There are 2 protein chains.
Amino acid sequence: MVGMAATIKDIAKLAGVSPGTVSRVLANKVGFFSEHTGEKVRAAAAELGYQKNTAAAELVTQQSNVVAAIVNSTKTNFASPIIEGIQAEAHRHDLNVIILYAGDDDSEQQRRALTTVIERPVRSILLLSVDLAAENLTLLQNSRIPFCFLSISFDEIQVPYITSDDWQVGYQATQTLLKLGHQNIGLAGVDSDFHTGRQRVAGYRQAMQEAGITVQPEWIQLGNYSYTAGQAAMRAYGANSGLTAIIGASDMAAVGVLNTARSLGYRVPTDLSILAIDGTEICELVQPALSSISQNFYEMGVAGVQQLCAPGELPQKITPIKLVERDSLQRNG
Amino acid sequence: MVGMAATIKDIAKLAGVSPGTVSRVLANKVGFFSEHTGEKVRAAAAELGYQKNTAAAELVTQQSNVVAAIVNSTKTNFASPIIEGIQAEAHRHDLNVIILYAGDDDSEQQRRALTTVIERPVRSILLLSVDLAAENLTLLQNSRIPFCFLSISFDEIQVPYITSDDWQVGYQATQTLLKLGHQNIGLAGVDSDFHTGRQRVAGYRQAMQEAGITVQPEWIQLGNYSYTAGQAAMRAYGANSGLTAIIGASDMAAVGVLNTARSLGYRVPTDLSILAIDGTEICELVQPALSSISQNFYEMGVAGVQQLCAPGELPQKITPIKLVERDSLQRNG
DNA sequence: CTGTTAGCGCGTTCAC
DNA sequence: GTGAACGCGCTAACAG
């Protein structure tokens, strides 16, 4: 609601020129107005406390410089570095970014966020880790607004996304522990309903198989990557699990594992090594600090904006991962 | 960028009616169109995959249903519950919310966030814990868009805000430790450059004075509420501080204190009690879980939206705080 | 260099 | 009930 704000017409009247001229000087179309009128117009604008109505401008130019980021939940702790990456790269392209929350697997909330963005002029849409309900994906595609998923991947549908190689995440996490002499390795809190989780499990299984280890069914504890999922997994393993190492499917899950393991009497890392997946700041907040397979979330955000600014590029891109050693791992035997 | 999307004109042509009529049925102005034309128009709209251009509508109606929340940093961990509160209450009023990040004490970023919001039709603006540079406050006030600060308070300027009573926060935190028999109590990571921090310090001092304790200058360690501020404070206290309890000026600061205290050889809470201020989820992530003076952030968000929906109310409101006991406090002596 | 005209997509009169 | 016309604030195209 702009209220009774001044318009270019008001400025025109005050400066004694036409609205067209005002538009030109305010847009700084050099060469299309004289020094003198430039001064006059700017003075009038300042006097009236003029604020441009960008929505009106976008209506006529049919283009916008805002990119929207839709995030699945306020609780997704890795969203923060992604958003920072988006923001940084967007500003480099002189783009502005707005963020919307789409709730946690709530298709109604998703629709709400999506429509408030689609019904307005936005240049492109980035979706952080949100798995859209089918009808909402249709909505998005029909809008003809360029979009790209971040930190999530798909197999059945064909859409642009940028994320880590989740198979490698699972594989390298497992390899890391294998190399330390661990054999009985758990995977805690992973979601097998979606591609991301299935890939991580597949990478884990492959690494185990290559090492000649048969994974026991109970070693893989499913969940939704949350703290409580980590807790539940560890409780399921129990005090006499026989496990010497556990991979937390996310940082939060790993912390859940850590705290519950402690209350079950495990010493970490002496009795039990824990490796987190994600590598956000919480890894350094807890004690012992959690070693992690770290994703480059910031880079994901940057790449997302670049991808949308350079159409024609490969629609699917992979950001690198790396092992970050902290204090939660120990050689076995 | 809406692209070549269908407009009400297209629908009008397809349905064989006038654009005005289309507008009426789509806005569901009952009584202003017949059953028959209603059907026709809706069918045409569906066939064309029509998406309303809300920006254009807002241009003519001169009002918007989106409220903008400007957040000071992606790292502010308590922003999450505030945003959830905003979102919930906004949806109750059929409002949509967009979020912008204003960076960390970066007046250029602030201006950017502010103008992208002001130049567009938004109904109102909520500012989460952002202390605006003077020129940006002027910008905001000139926009004539209703606004309200959240989780921050002011003394010198007169603006609407909703927050906890920061004096009480400091006072009650200190009282809590006093009642447990502590006398040498530190306050770590608090910022005295702004009203919020000064109030907390004042509450702390008052409680100490009432208990007849002279606070030593080094007991108050200034900082910016961050994890590193907490670390720095604890390092300043040192291994032989004589302190038996420390108040962390925020959850993050408290965790910084906790981890550094540990590395200095303190056992928490046996040797040292730690009380956090804020009470967000990280208090439960670390071990021992941190007791806290908890703020009701969710309620702040709710109240912020209500305040903006019911003009004429008191512009300054206080949300309640409460002590949440976890495992980081112990009686002294 | 500058004024005039047209129109972006929509809601809302005001006639009929 | 419905169509025609107007205008929201702005930019772009076209004269001059």
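Computed from a predicted structure; not experimentally measured. Protein chains get the first letters and strands the later ones, always in sequence-line order, with residue 1 at the start of each.
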| Picking from dC1(C), dG9(D), dT12(C), which would you name as closest to the side chain of Val60(A)? |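 Selected nucleotide (nearest to the side chain): dG9(D).
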| field | Minimum-distance nucleotide (side-chain atoms of Leu59(A) versus dC10(D), dG9(D), dG11(C)) | value |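 Of all the options, the side chain of Leu59(A) is nearest to dG9(D).
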Short side-chain N/O contact from [X] to OP1 or OP2 of [N], under 4.0 Å:
X        : N       : value
Thr7(A)  : dC8(D)  : no
Thr21(B) : dG3(D)  : yes
Lys52(B) : dG11(C) : yes
Ser23(B) : dG11(C) : yes
Gln62(B) : dG9(D)  : yes

| message | Tell me whether the rings of Phe297(B) and Phe78(B) are parallel (<30°), tilted (30 to 60°) or perpendicular (>60°). | response |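 Answer is parallel, since the angle falls under 30°.
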| said: Please compare Arg24(B) and Thr54(B) by the position of their nearest nucleotide in DNA chain C and report the one closer to 5'. | reply: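 On the 5' side of the pair lies Thr54(B).
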Just how far, in rounded Å, is [atom2] of [N] from [atom1] of [X]?
X         : N       : atom1 : atom2 : answer
Gln63(B)  : dC10(C) : CD    : P     : 17 Å
Lys29(A)  : dC10(D) : NZ    : P     : 15 Å
Arg120(A) : dG9(C)  : CZ    : C1'   : 14 Å

| For Phe32(A), does the CZ atom sit with more than 12 other heavy atoms under 6.0 Å from it, leaving out its own atoms? |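 Counting other residues, nucleotides and ligands, CZ of Phe32(A) stays at 12 neighbours or fewer.
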| query | More than 12 foreign heavy atoms under 6.0 Å from OH of Tyr298(A): is that the case here? | reply |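 Yes, because the 6.0 Å sphere around OH of Tyr298(A) holds more than 12 heavy atoms from other groups.
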| message | Does Thr61(B) reach a base, just sugar-phosphate, or nothing at all? Heavy atoms under 4.0 Å. | response |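 It contacts sugar-phosphate atoms only.
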| task | Give Phe32(A) one of three labels, base, sugar-phosphate or nothing, depending on what nucleic acid heavy atoms sit under 4.0 Å from its own. | result |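 Here Phe32(A) touches the bases of the nucleic acid.
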| message | Let me check the geometry of the helix from dC1(C)-dG16(D) to dC16(C)-dG1(D). What is the bend angle between the axes at its two ends, five pairs each, to 10°? | response |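 It comes to 40° between the two terminal axes.
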| 5'-most contact on DNA chain D: Ala56(B) or Val17(B), nearest heavy atom basis? |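 Of the two residues, Val17(B) wins.
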| said: If only side-chain N and O atoms count, and only distance matters, is there a donor-acceptor pair under 3.5 Å linking Glu89(A) with His93(A)? | reply: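 Indeed, the side chains of His93(A) and Glu89(A) share at least one donor-acceptor pair under 3.5 Å.
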